[in-house]
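Taking it in order: structure first as structure tokens, then the write-up.
In the text below, chain A, chain B and the rest are named by the order of the sequence lines, each starting its count at 1.
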Amino acid sequence: MIIRTHYSNQLSPEMSGEAVTIAGWVHETRDLGGIYFIVLRDREGFIQVTMPKKKVSAELLEMARGISRESVVAVEGDIKSEDRAPGKFEIIPSKIILLSMAEVPLPLDTTGKVGAELDTRIDSRFMDVRRTETAAVFRTRSNVLRAVRNFFHENGFVEINTSKIVATATEGGTELFPITYFDREAFLNQSPQLYKQMMMASGLDRAYEIAPIFRAEEHDTRRHLNEVTSIDVEVSFVEEHNDVMEILERLINYVYREIAGTPELKALSIELPIPELPFRRITYDEVISMLQDDPNVGDIEWGSDLDTACEKELGKMVGEHYFIIDWPTDSKPFYAMPHEDKPELSKSFDLMHPRMELASGAQRIHDYALLRERIEAKGLNPDSFDFYLKAFRYGMPPHAGWGLGAERLLMTMLNLGNIREAVLFPRDRRRLSP
RNA sequence: GCCUGGGUAAUGUAGAGGCCUAUCAUGAAGCCCUGUCGAGGCUUCGACUCGGGUUCGAAUCCCGACUCGGGCGCCA
């Protein structure tokens with residue numbers, strides 16, 4: 001049987017007289033001599049446990065005084081309506097069970113009186129999450145992912161799971177983490193791209209996967225990690241890339257609407273304006289001319305990717321979510337579909353938040369011969385893509401998809417300064433523990 | 001990989017060559033206090049990342065190591 005009978009938010013002054021058992025952490029204690037308070041914290045909030053000298057036994061009071069902050073306790077007692085108590089009620093304990101005594105000193109303060117640096121917090125993440133704000137971030141993360149799944153299921157998607165251990169020959173463009181697979185070399189997957197495409201040949205039609213991806217780039221910024229959660233989508237029987245862009249913008253709008261007004265958001269004091277549909281579409285060519293004479297960015301060469309200064313400048317100009325579409329074919333991976341009438345441009349897109357890139361996608365090449373040709377043109381060996389190309393030889397529908405960074409989505413929604421705030425146990429160039 | 005700024009008690013900080021056996025707050029320990037809610041009052045505890053150097057004298061200046069942050073690149 002679960003020790004606790006009620007969470008803190010299930011109690012009220014109207015329940016006065018009722019016997020309950022609450023359980024959680026000793027958040028704070030206040031000793032006023034003749035009366036002793038314990039503020040107990042559970043997942044849902046705080047409850048005041050009050051011990052007036054005359055109403056509880058001397059043994060119980062002495063025992064309670066010996067419990068250190070952040071120790072885990074269960075408290076049996078009666079609810080008492082009390083105007084002087086926070087929330088207008090308190091618990092008068094008949095029994096306090098010490099379940100786990102916390103050592104002193106604590107690695108960081110959980111009450112919000114003293115700050116702690118991100119590095120300190122991550123070193124003791126279990127305790128950091130005891131802080132109201134951090135808990136609100138990770139519960140919002142949970143809410144976001146639930147909203148994403150709800151959206152997908154409401155829109156006829158099938159959730160898939162693909163392997164994170166791969167032989168080799170992924171899409172290129174990034175460094176991979178090598179691992180040992182029995183006596184062979186293998187790698188952690190940089191993206192489910194090839195696998196979700198293969199599933200378009202399976203008839204599932206609309207598939208999504210939410211899973212970690214691994215990139216061995218030695219980047220060192222506030223918006224990069226070596227392990228992130230990718231929200232990946234692939235849709236069959238599309239006519240063009242815009243078909244999946246519409247799904248993406250509707251998803252973003254849906255998630256914002258689901259998250260706005262949640263208690264977690266209130267705890268973080270965040271007002272969440274809902275991005276309006278449709279998002280602005282700007283072609284790569286338009287971007288180049290918009291930035292052409294901008295003094296804040298350097299010379300831009302047609303065909304190159306946009307650097308950070310360009311992203312920032314565009315973000316300032318547009319001021320809300322937008323798409324950059326029709327990127328140069330050579331700047332995108334081999335599977336991006338070129339425009340029929342203008343093959344130097346691809347049917348590709350990036351979803352941008354004013355702060356940074358959130359997602360990228362494209363219509364994919366579904367023609368076996370063209371795909372093979374594009375692989376070769378990128379200087380890759382088609383033989384090592386046999387497992388993938390095979391799916392294009394026996395009936396592959398036209399398809400398109402995208403990958404959205406879950407951490408970046410959360411980061412931009414909650415205006416987090418560092419992507420590490422959005423991950424419980426971030427993996428970056430330096431950190432491998434905890 | 002490049003540029004740049006840091007590292008002082010358990011946490012967050014003050015400190016700019018002698019005023020530092022180092023400030024303040026949180027905390028911990030003890031005492032007082034029957035309505036606290038960042039409780040209050042009194043007392044106590046606890047730190048200059050490491051290694052060299054300069055100097056009569058170094059937390060402070062210089063060099064190196066380790067380590068953390070910010071910007072860029074790479075990347076998404």
Side-chain angles (χ1 to χ4, degrees), chain A residues 27-41 46-56 61 65-66 68-70 80 82-90 92 102-124 127-128 131 171-176 190-191 193 213-232 297-298 304-312 331-333 348 350-353 356-361 402-409 411 417-420 428-431:
Chain A
H27 187 67
E28 286 183 286
T29 62
R30 295 190 194 98
D31 189 352
L32 276 69
I35 186 166
Y36 189 73
F37 298 101
I38 289 177
V39 179
L40 183 138
R41 184 190 66 245
F46 303 92
I47 315 165
Q48 175 163 292
V49 178
T50 305
M51 282 162 276
K53 211 176 203 170
K54 287 179 180 166
K55 290 190 182 171
V56 299
L61 193 57
R65 283 200 166 110
S68 59
R69 285 163 67 234
E70 294 303 324
K80 179 168 168 274
E82 170 59 68
D83 282 347
R84 289 171 296 186
K88 308 284 187 199
F89 73 93
E90 59 195 13
I92 310 294
E103 287 180 21
V104 288
L106 300 169
L108 52 85
D109 168 53
T110 58
T111 65
K113 288 178 197 164
V114 194
E117 290 187 359
L118 184 57
D119 196 53
T120 307
R121 290 168 44 208
I122 294 172
D123 279 339
S124 300
M127 186 155 290
D128 181 41
R131 299 165 70 237
E171 49 191 296
T174 189
E175 294 292 317
L176 302 176
Q190 64 170 107
S191 145
Q193 180 63 36
I213 58 174
F214 306 90
R215 311 221 162 161
E217 299 293 336
E218 293 194 338
H219 33 52
D220 212 352
T221 81
R222 291 189 293 168
R223 56 186 192 285
H224 288 95
L225 286 172
N226 295 296
E227 178 183 11
V228 299
T229 306
S230 179
I231 300 168
D232 265 276
V297 304
S304 65
D305 212 343
L306 301 174
D307 61 23
T308 310
C310 291
E311 281 188 9
K312 281 188 181 152
S331 73
K332 289 290 175 184
S348 57
D350 280 5
L351 171 66
M352 309 296 296
H353 177 276
M356 70 187 86
E357 179 184 337
L358 292 182
S360 69
W402 41 258
L404 165 67
E407 285 78 15
R408 287 190 174 186
L409 175 60
M411 190 182 173
N418 193 315
I419 197 165
R420 290 161 184 80
D428 62 32
R429 180 180 184 172
R430 299 194 184 95
R431 189 179 278 279

Examine B:rG69: is either OP1 or OP2 under 4.0 Å from a nitrogen or oxygen in the side chain of A:Arg430? Give yes or no. yes
Pairwise P distance for B:rU43 and B:rU49, with rounding to whole Å: 29 Å
Take atom P in B:rG17 and the same atom in B:rG7, then report the distance between them in whole Å. 15 Å
What is the distance, rounded to the nearest whole Å, between atom CG of A:Leu40 and atom C1' of B:rU36? 16 Å
Assess whether a salt bridge exists between A:Glu218 and A:Arg430, defined as any Lys/Arg side-chain N lying under 4.0 Å from an Asp/Glu carboxylate O. no
Need one value for A:Glu117: base, sugar-phosphate or nothing, where a base atom within 4.0 Å counts as base even if backbone is also close, heavy atoms only. sugar-phosphate
Return whichever of A:Ala359 or A:Arg429 has its heavy-atom-nearest nucleotide of RNA chain B closer to the 5' end. A:Arg429
Could you report the tightest heavy-atom contact between A:Glu175 and A:Glu217, atom names first, then the distance? N-OE2, 2.8 Å
Gap in Å between the two C1' atoms, one belonging to B:rU13 and one to B:rA22, rounded: 13 Å
Between C1' of B:rC75 and CD of A:Gln190, the distance in whole Å: 10 Å
In B/S/- notation, 5' to 3', how is nucleotides 25-35 of chain B contacted by protein heavy atoms closer than 4.0 Å? -SSS----BBB
Across the strands shown, which category fits A:Val228 at heavy-atom distances under 4.0 angstrom: base, sugar-phosphate, nothing? base
Contact string for nucleotides 42-48 of chain B, one letter per nucleotide 5' to 3', B = base within protein heavy-atom range under 4.0 Å, S = sugar-phosphate only, - = neither, reads -------
Kindly indicate, with the supporting measurements, whether the criterion salt bridge (charged side-chain N to carboxylate O under 4.0 Å, His left out) is fulfilled by A:Arg431 and A:Glu227. CA-CA 11 Å; A:Arg431 189 179 278 279; A:Glu227 178 183 11; over 6 Å; no
Hey, does A:Ile38 reach any base, or is it just sugar-phosphate, or nothing, if we go heavy atoms under 4.0 Å? nothing
Say we look at B:rG70 and B:rA28: how far apart would their P atoms be, to the nearest angstrom? 31 Å
Output the rounded distance in Å from CG (A:Leu409) to P (B:rA76). 19 Å
B:rA16 pairs with, by Watson-Crick or G-U criteria that keep both distances under 3.5 Å: none
Mark yes or no for a side-chain to base donor-acceptor pair under 3.5 Å between A:His219 and B:rC75, with no hydrogen or angle criteria applied. no
Identify the nucleotide, in any strand shown, that forms a Watson-Crick or G-U wobble pair with B:rG1, with both distances under 3.5 Å; if there is none, say none. B:rC72
Phosphate contact (B:rC72 OP1 or OP2) by A:Arg223 side-chain N/O below 4.0 Å: yes
Hey, are the side chains of A:Cys310 and A:Val297 touching, using non-hydrogen atoms and a 4.5 Å cut-off? yes
Between B:rG41 and B:rU54 - P atom distance, rounded Å: 49 Å
Does A:Asn226 make a side-chain N or O approach to OP1 or OP2 of B:rC75 shorter than 4.0 Å? no
Could you tell me how far B:rU26 sits from B:rA9 if I compare only their C1' atoms? Round to whole Å. 12 Å
Touch check for A:Gly115, heavy atoms < 4.0 angstrom, all strands: base, sugar-phosphate only, or nothing? sugar-phosphate
Given that both distances must come in under 3.5 Å, which nucleotide forms a Watson-Crick or G-U wobble pair with B:rC45? B:rG27
Reckon A:Asp83 touches a base, only the sugar-phosphate, or nothing at all at heavy-atom distances under 4.0 Å? nothing
Over how many whole Å does the gap from A:Asp428 atom CG to B:rC75 atom C1' extend? 15 Å
Here's a test of your reading of the structure: between A:Ala116 and A:His224, which maps to the more 5' nucleotide of RNA chain B? A:Ala116
A:Asp109/A:Arg131 salt bridge by N-O under 4.0 Å criterion: no
I'd like to know whether A:Phe37 forms a side chain to side chain contact (heavy atoms under 4.5 Å, CB included) with A:Thr29, so could you lay out the CA-CA distance, the side-chain angles of the two residues, the decisive distance to 0.1 Å, and finally the verdict. CA-CA 5 Å; A:Phe37 298 101; A:Thr29 62; over 6 Å; no
Mind checking whether A:Thr110 and A:Met127 have side chains closer than 4.5 Å, heavy atoms only? yes
Figure out the CZ/C1' separation between A:Phe214 and B:rA76, and round it to whole Å. 15 Å
How far, in whole Å, is B:rC74 from B:rG38 if one measures between their C1' atoms? 46 Å
I need the CD1-C1' distance between A:Ile122 and B:rU11, as an integer number of Å. 16 Å
Could you tell me how far B:rG15 sits from B:rA39 if I compare only their P atoms? Round to whole Å. 28 Å
Using modelled atom types only, decide if a donor and an acceptor are shared between the side chain of A:Asp350 and the backbone of A:Met352 within a distance under 3.5 Å. no
Students often get this wrong, so: under 4.0 angstrom with heavy atoms, is A:Thr221 touching a base, only sugar-phosphate, or nothing? base
Rounded to whole Å, CG of A:Leu118 lies from P of B:rC68 at a distance of 12 Å
Any heavy-atom pair between the side chains of A:Thr229 and A:Glu407 that's under 4.5 Å? yes
Reckon A:Arg420 touches a base, only the sugar-phosphate, or nothing at all at heavy-atom distances under 4.0 Å? nothing
SB check A:Asp119 A:Arg420 (cutoff 4.0 Å): no
Could you please name the partner base of B:rU55, counting Watson-Crick and G-U wobble pairs only when both distances are under 3.5 Å? none
Carboxylate-amine/guanidinium proximity below 4.0 Å for A:Arg41 and A:Glu70: yes
What's A:Asp305 touching, base or sugar-phosphate or nothing? Going by heavy atoms closer than 4.0 Å. nothing
Would you mind reporting whether A:Gln190 and A:Ile213 have side-chain heavy atoms less than 4.5 Å apart? no
Between CG of A:Asp119 and C1' of B:rG6 the distance, given in whole Å, is 13 Å
